[in-house]
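Sequential numbering from 1 along the given sequence is applied to the chain's residues.
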Amino acid sequence: MSAPEIEIDLFSPTADPYPVFDALRDNSPVHWSPRYRSWFVTRFDDVSAALRDPRFSADRITPYVEAKLSGPDTDPALRQTFAVLEDWMVFKDPPDHTRLRRLLRRAFTPRTIEALRPRVGELADELLDGIAGNGSADLIGEYAYPLTAAVIAEMLGVPREDRDLFKDWSDAITALVFAGLGSPERHERAVRGMLELRDYLTDLAAQVTAHPRDDLLTALVQARDEGDALSHDEVVSTGVLLLFAGHETTTNLIGNGLLALLRHPDQRALLEAGEVRIVSAIEEFLRYDGPAKTVVRLMATDVELRGHTLKAGSRVFLCPPSANRDPAVFPDPGRLDLTRTENQHVGFGFGLHYCLGAPLARLEGGIAIPRALQRLTDLRLAPDAELTWQPVLLSRGLTALPVQFGATSEGDR
Ligand code: HEM
């Protein structure tokens, strides 16, 4: 069976990916792309089945390291960078994944997350205080990003004065992990950023081991499961993972959610009138335009799917945004409908690797979005706004969200 020609460009800063996903889902739901040298899987049933299927392996780091980074000429900095990634649970299969996830769950409990509610509100208000009098702002750079970065940095126990360092490091890792690497300079910066962050967290982990505190890094150091514990390197790598996973995606939930509301005044009115609950609205933002553009797997063995053989070793992009707009599951899927009740989307993945930070992301989004609407009166997109999207494959997020609003004084809070 020859595949129809469908031009896939998931790096474009301006092109809308949804028509491409619609075309793939309708015409070629398991599609080989010569450009990406990968399979694209776009229907809800196939994506959710693959996310539960151990033949779709999450470990795409070990084969890369073995093939590309094991020779005598390998740059030691690059090798060390990948050593950090090799310990990330999101890149592991059972039984290693099971062990890491169990230990991490001990540190990252629903109670720890819920306890953050007042602090997230305070941090959001601090940032809104800073912009409310200005009449215009970029809600990614001045609100969503610093908010989610501050939340995860505080959780990990990073002192306030070191936060800016975190932004640089995190940007560098985004380039590395989200496959947006362009020039050799960016690559070099990514490697340097990763190793600086590793060294920083190594020092911090040593401090909390000697003097335990009430923070997530201490909880990682102390996590125990039937006599098992995280190794020193695993604590540091997991700290890097949480820092990274903890704010890049949540920034995009806040940004994409606010954009969806600004473009759909009827839905915004429902939310502002209290006719829909913010918890349902957040699920709809995740379904309608969620931050996870693709989830990558490597075939552990040959698998037959819809008449194609996905050969062992081949790469597969599972596409949550497409699955989440599958008309077989979601009626009128292209419509933002905050009143949707059946909304079992795969925006946080599914199965073994289901997002561990989902309760935190929901909490942050559920505070940040309504607070911005409440504090920034008459909030609207800047009339000259030319929205662009980050040119990365794995994540869907705006580079900036320029808005205008009625300038208010702090006393209006
Ligand atoms: C809206 C925000 C978020 C989205 C859309 C999101 C999305 C995802 C997705 C799709 C996966 C599955 C990846 C896979 O199957 O390969 C995942 C896993 C994960 N996420 Fe999130 N995430 C978000 C926020 C967070 C936050 C706030 C944290 C932590 C602070 C976090 C930590 C993790 C971790 C540790 C995993 C790996 C779980 C595992 O491998 O078992 N995420 N996330």
Side-chain angles (χ1 to χ4, degrees), residues 1-11 16-60 63 90-94 97 178-179 249 283-335 340 342-355 358 392-396:
M1 200 191 326
S2 76
E5 285 300 317
I6 299 175
E7 177 61 32
I8 307 175
D9 180 3
L10 295 182
F11 282 105
D16 177 358
Y18 289 101
V20 177
F21 285 138
D22 291 346
L24 286 171
R25 209 176 43 237
D26 290 348
N27 304 311
S28 183
V30 175
H31 183 88
W32 173 255
S33 160
R35 173 176 178 175
Y36 294 94
R37 286 186 289 132
S38 305
W39 292 97
F40 280 78
V41 175
T42 45
R43 286 196 184 158
F44 185 93
D45 286 354
D46 294 336
V47 169
S48 52
L51 286 169
R52 271 174 311 189
D53 185 336
R55 296 172 303 170
F56 291 74
S57 165
D59 183 0
R60 52 242 188 230
V90 69
F91 296 140
K92 296 241 181 232
D93 292 327
H97 171 264
F178 280 0
T249 42
E283 297 315 303
E284 180 65 350
F285 299 142
L286 285 158
R287 184 200 70 81
Y288 174 77
D289 197 10
K293 192 151 67 178
T294 57
V295 170
V296 186
R297 293 291 186 263
L298 277 191
M299 298 314 300
T301 173
D302 288 4
V303 169
E304 293 295 318
L305 189 59
R306 293 195 188 275
H308 300 280
T309 305
L310 280 52
K311 288 249 183 266
S314 57
R315 185 168 51 188
V316 183
F317 288 117
L318 306 171
C319 304
S322 172
N324 288 338
R325 290 195 183 197
D326 188 335
V329 179
F330 302 96
D332 202 359
R335 195 162 80 85
R340 241 175 240 281
E342 292 296 310
N343 208 347
Q344 302 298 318
H345 61 78
V346 285
F348 283 125
F350 193 60
L352 285 186
H353 291 276
Y354 181 81
C355 177
V392 292
L393 199 54
L394 300 193
S395 151
R396 164 122 173 118

Lys/Arg cation over aromatic Tyr18: Arg325, 6.0 Å, 45° cone: yes
Heavy-atom check, side chain of Pro327 versus side chain of Arg25, under 4.5 Å: yes
Identify the two heavy atoms, one from [X] and one from [Y], that lie closest to each other, and give their separation to 0.1 Å.
X: Val346; Y: Ala323; result: CG2-CB, 3.8 Å
X: Ala58; Y: His353; result: CB-NE2, 3.4 Å
X: Lys293; Y: Val392; result: NZ-O, 2.9 Å
X: Pro291; Y: Thr249; result: CG-O, 3.4 Å
X: Arg315; Y: Tyr36; result: NH2-O, 2.9 Å

What salt bridge (charged side-chain N to carboxylate O under 4.0 Å, His left out) pairs are there with at least one residue in residues 33-45, not counting sequence neighbours? Glu7-Arg35, Asp9-Arg35
Enter the distance from [X]:[atom1] to [Y]:[atom2] here, rounded to the nearest 0.5 Å.
X: Asp326; Y: Ser48; atom1: CG; atom2: OG; answer: 9.5 Å
X: Tyr288; Y: Phe330; atom1: OH; atom2: CZ; answer: 14.5 Å
X: Ile8; Y: Leu24; atom1: CD1; atom2: CG; answer: 4.5 Å
X: His345; Y: Leu286; atom1: NE2; atom2: CG; answer: 4.5 Å
X: Cys319; Y: Leu10; atom1: SG; atom2: CG; answer: 7.0 Å

Going by an N to O cut-off under 4.0 Å, is there a salt bridge joining Arg396 and Asp289? yes
Take atom CD of Glu304 as the centre, draw a 6.0 Å sphere, and report whether it contains more than 12 heavy atoms from other residues, nucleotides or ligands. yes
Would you check, one step at a time, whether the test side-chain contact (heavy atoms from CB on, under 4.5 Å) holds for Met299 with Lys311? CA-CA 7 Å; Met299 298 314 300; Lys311 288 249 183 266; over 6 Å; no
Measure up the Phe317 and Phe40 rings against each other and bin them: parallel (under 30°), tilted (30 to 60°), perpendicular (over 60°). tilted
From Arg297, Arg52, Arg306, residue fulfilling salt bridge (charged side-chain N to carboxylate O under 4.0 Å, His left out) relative to Asp46: Arg306
